[in-house]
S.K.: 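Attaching a single structure in structure tokens format; questions to follow.
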Amino acid sequence: MYFPSNMNFQYFFFATYPGYFLQILPFALLAGIVYLIIQHHKRNAMPLSKRIFGALFVSYMTGLVGLVLALDVIGHVWYQLLYHLEDDGFGIRMFAWNCNFVPDFFTHINSEKIANVVVFLPFGILYPLAKPEATWKKTLLSGFLCIVGIEILQPFFGRAFDINDIILDMIGVMISATALFLSKQYFKKQT
């Protein structure tokens with residue numbers, strides 16, 4: 001990622017991946033806290049570890065969906081909160097019917113393609129930890145359905161549908177889920 005030498009807060013917060021992450025972080029944490037509160041007040045309280053992993057998964061999914069589908073809206077809200085000005089420079093993009101059905105991610109690997117893999121690594125770990133009954137196959141299926149759902153919705157939110165994103169996101173889910181389930185098997189044999 002390119003960081004200009006004269007980077008200021010506004011550029012960092014509104015035009016870099018770490019800035020986007022910081023924009024969505026409060027919303028993701030709030031969703032996880034609300035989940036914990038709801039689970040705490042249920043009669044059939046689940047074990048604390050399952051509640052914590054469930055809250056982490058809810059926070060992760062809220063952050064993921066926020067970054068992928070609502071970044072323009074969230075950026076607009078932050079701009080108004082921080083500067084108390086109308087946001088003339090950002091605008092909210094809707095209905096960009098761009099689609100790419102050609103898998104060509106392997107022709108040039110860049111930071112965006114690597115980010116696609118990295119962003120879905122937590123899914124393969126947090127989903128089965130939040131749902132202990134989940135198997136490796138169910139984790140992959142759930143990850144695939146989530147990825148395809150997000151990708152189908154993206155054109156409605158000013159982004160593009162890209163088959164490369166589906167492939168790279170699934171690679172992230174497969175790597176982390178495989179590592180988790182193999183480590184579970186290894187530790188089960190050790191005991």
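Note that the numbering runs from 1 along the sequence shown for the chain.
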S.K.: What are the two closest non-hydrogen atoms of L36 and A55, and how far apart are they?
M.R.: CG-CB, 3.5 Å
S.K.: So which atom in R51 and which in Q39 form the shortest heavy-atom distance, rounded to 0.1 Å?
M.R.: CD-CB, 3.7 Å
S.K.: Parallel, tilted or perpendicular: which one describes the rings of F57 and Y60, with boundaries at 30° and 60°?
M.R.: tilted
S.K.: Evaluate the side-chain proximity of D165 to F105: yes if any heavy-atom separation is below 4.5 Å, no if none is.
M.R.: no
S.K.: Is the closest side-chain heavy-atom distance between Q80 and H76 below 4.5 Å?
M.R.: yes
S.K.: Within this structure, what is the CG-CG distance for the pair L168 and N116, rounded to the nearest 0.5 Å?
M.R.: 5.5 Å
S.K.: Cluster question for you: counting only ILVMFWY and a side-chain heavy-atom cut-off of under 4.5 Å, with indirect links fine, are F9 and W78 together?
M.R.: yes
S.K.: What is the distance from atom CD of E151 to atom SG of C146, rounded to the nearest 0.5 Å?
M.R.: 10.5 Å
S.K.: Quick one: are M61 and F123 in side-chain contact, heavy atoms under 4.5 Å?
M.R.: yes
S.K.: For R159 and L67, which heavy atoms make the closest approach, and how far apart are they?
M.R.: NH1-O, 3.7 Å
S.K.: Between Y35 and T62, is a side chain to side chain contact (heavy atoms under 4.5 Å, CB included) present by the stated rule, with each step listed?
M.R.: CA-CA 11 Å; Y35 175 85; T62 302; over 6 Å; no
S.K.: Should F106 and I166 be counted in the same cluster of Ile, Leu, Val, Met, Phe, Trp and Tyr side chains packed under 4.5 Å apart?
M.R.: yes
S.K.: Test of understanding: with side chain to side chain donor-acceptor pair (under 3.5 Å), list the residues that count as partners of N110, not counting sequence neighbours.
M.R.: none
S.K.: Return the set of residues passing side chain to side chain donor-acceptor pair (under 3.5 Å) with S142 (not counting sequence neighbours), or none when no residue passes.
M.R.: Y127
S.K.: Do you know which two heavy atoms are closest between L64 and F120, and how far apart they sit?
M.R.: CD2-CZ, 3.4 Å
S.K.: If you look at every heavy atom in P128 and L180, which pair is closest and at what distance?
M.R.: CG-CD2, 3.3 Å
S.K.: With a 4.5 Å heavy-atom cut-off, do L25 and F21 have their side chains touching?
M.R.: yes
S.K.: If the condition is side chain to side chain contact (heavy atoms under 4.5 Å, CB included), which residues does I175 pass it with, not counting sequence neighbours?
M.R.: V117, L121, I171
S.K.: Got a sec, which residues hit side chain to side chain contact (heavy atoms under 4.5 Å, CB included) with M174, two or more places apart in sequence or on another chain?
M.R.: L140, M170
S.K.: When you group the ILVMFWY residues by side-chain heavy-atom contacts below 4.5 Å and let the links chain together, are I33 and F53 in the same group?
M.R.: no
S.K.: Show the nearest heavy-atom pair for residues G32 and S59, with the distance to one decimal.
M.R.: CA-OG, 3.2 Å
S.K.: Treat each ILVMFWY residue as a node, draw an edge where side-chain heavy atoms are under 4.5 Å apart, and state whether F156 and V68 are in one component.
M.R.: yes
S.K.: Mind checking whether I114 and I109 have side chains closer than 4.5 Å, heavy atoms only?
M.R.: yes
S.K.: Consider only side-chain heavy atoms of I, L, V, M, F, W and Y, link residues closer than 4.5 Å, and tell whether L81 and I74 are in one cluster.
M.R.: yes
S.K.: With sequence neighbours left out, write down each residue that passes side chain to side chain contact (heavy atoms under 4.5 Å, CB included) with P103, or none if nothing qualifies.
M.R.: I163, N164, I167
S.K.: Can you name the residues that form a side chain to side chain contact (heavy atoms under 4.5 Å, CB included) with K137, not counting sequence neighbours?
M.R.: T135
S.K.: Quick check on F181: does its CZ atom have over 12 non-hydrogen neighbours (other residues, nucleotides or ligands) under 6.0 Å away?
M.R.: yes
S.K.: Quick one, L129 and L56 - any side-chain contact, counting heavy atoms below 4.5 Å?
M.R.: no
S.K.: Should we count NZ of K50 as having more than 12 external heavy atoms under 6.0 Å?
M.R.: yes
S.K.: Side-chain contact, heavy-atom cut-off 4.5 Å: F13 with L22?
M.R.: yes
S.K.: Do Q154 and F161 touch side chain to side chain, with heavy atoms closer than 4.5 Å?
M.R.: no
